[in-house]
Amino acid sequence: SSGINAEWPLRPGGGVGEAIACCLSMPVIQFLGRRRAMIVFQCLSALVFLIAIADVDLGNDWGLDSVLSLIGLTTVSICFSTVYLWTSEIAPTSHRGFAFTFGSGLGKFGGFAGPYVFNNLGPATTRAVP
């Protein structure tokens with residue numbers, strides 16, 4: 001079943017995933033360090049999203065892709081918070097404001113363009129290439 005009603009159960013799960021990412025990111029970064037945490041969670045994100053390509057139903061409204069997408073959302077959120085920590089180290093003090101603004105602007109543009117591209121290219125591609 002497609003449409004808005006089928007996607008509704010994912011919305012609270014996305015909020016829970018973001019909350020878990022906020023609570024989990026700092027202890028993981030303190031334990032692994034910024035670089036290792038970033039590498040681990042980017043690899044984990046890629047693995048989770050690749051496994052999500054499989055078409056496995058877990059119930060009436062849920063599939064393996066739904067569950068793994070929520071897990072992937074959590075890992076990507078941890079990566080995004082780590083990037084913000086790195087921005088302050090990469091840019092010198094005189095350019096730090098520009099670096100934060102530019103990075104945040106690109107993040108907002110990606111958040112805007114992603115659904116637009118997905119909705120327009122979805123019918124032309126397979127579900128493995130959104």
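Only a predicted model underlies this, so the values are computations on that prediction, with no experimental measurement involved. By convention here, the first residue in the shown sequence is residue 1.
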Is L50 reachable from L73 through a run of I, L, V, M, F, W or Y residues, each pair having side-chain heavy atoms under 4.5 Å apart?
no
Mark yes when over 12 heavy atoms from residues, nucleotides or ligands other than R35 sit less than 6.0 Å from its CZ; otherwise mark no.
no
Are L24 and V67 connected in the hydrophobic side-chain network, where two residues link if heavy atoms are under 4.5 Å apart?
yes
Looking at F100, is its backbone amide N or carbonyl O close enough to the side chain of S104 to form a donor-acceptor pair, meaning the two atoms are under 3.5 Å apart?
no
Just wondering, more than 12 heavy atoms not from F102 lying within 6.0 Å of its CZ?
no
So, for V48 and G72, which heavy atoms are closest and what is the spacing to 0.1 Å?
CG1-N, 3.8 Å
Transitive ILVMFWY side-chain link L44 to F31, under 4.5 Å:
yes
Single-linkage hydrophobic cluster, 4.5 Å side-chain cutoff, V40 and I51 together:
yes
Rounded distance (nearest 0.5 Å) linking atom CD of Q42 with atom CG of L47
13.5 Å
Minimum-distance pair of heavy atoms, taken over all atoms of L68 and F49:
O-CE2, 4.5 Å
So which heavy atom on S77 is nearest to which on E18, and how close?
OG-OE2, 2.9 Å
Please check if F80 and F109 belong to a single hydrophobic cluster, counting links between Ile, Leu, Val, Met, Phe, Trp and Tyr side chain heavy atoms closer than 4.5 Å.
no
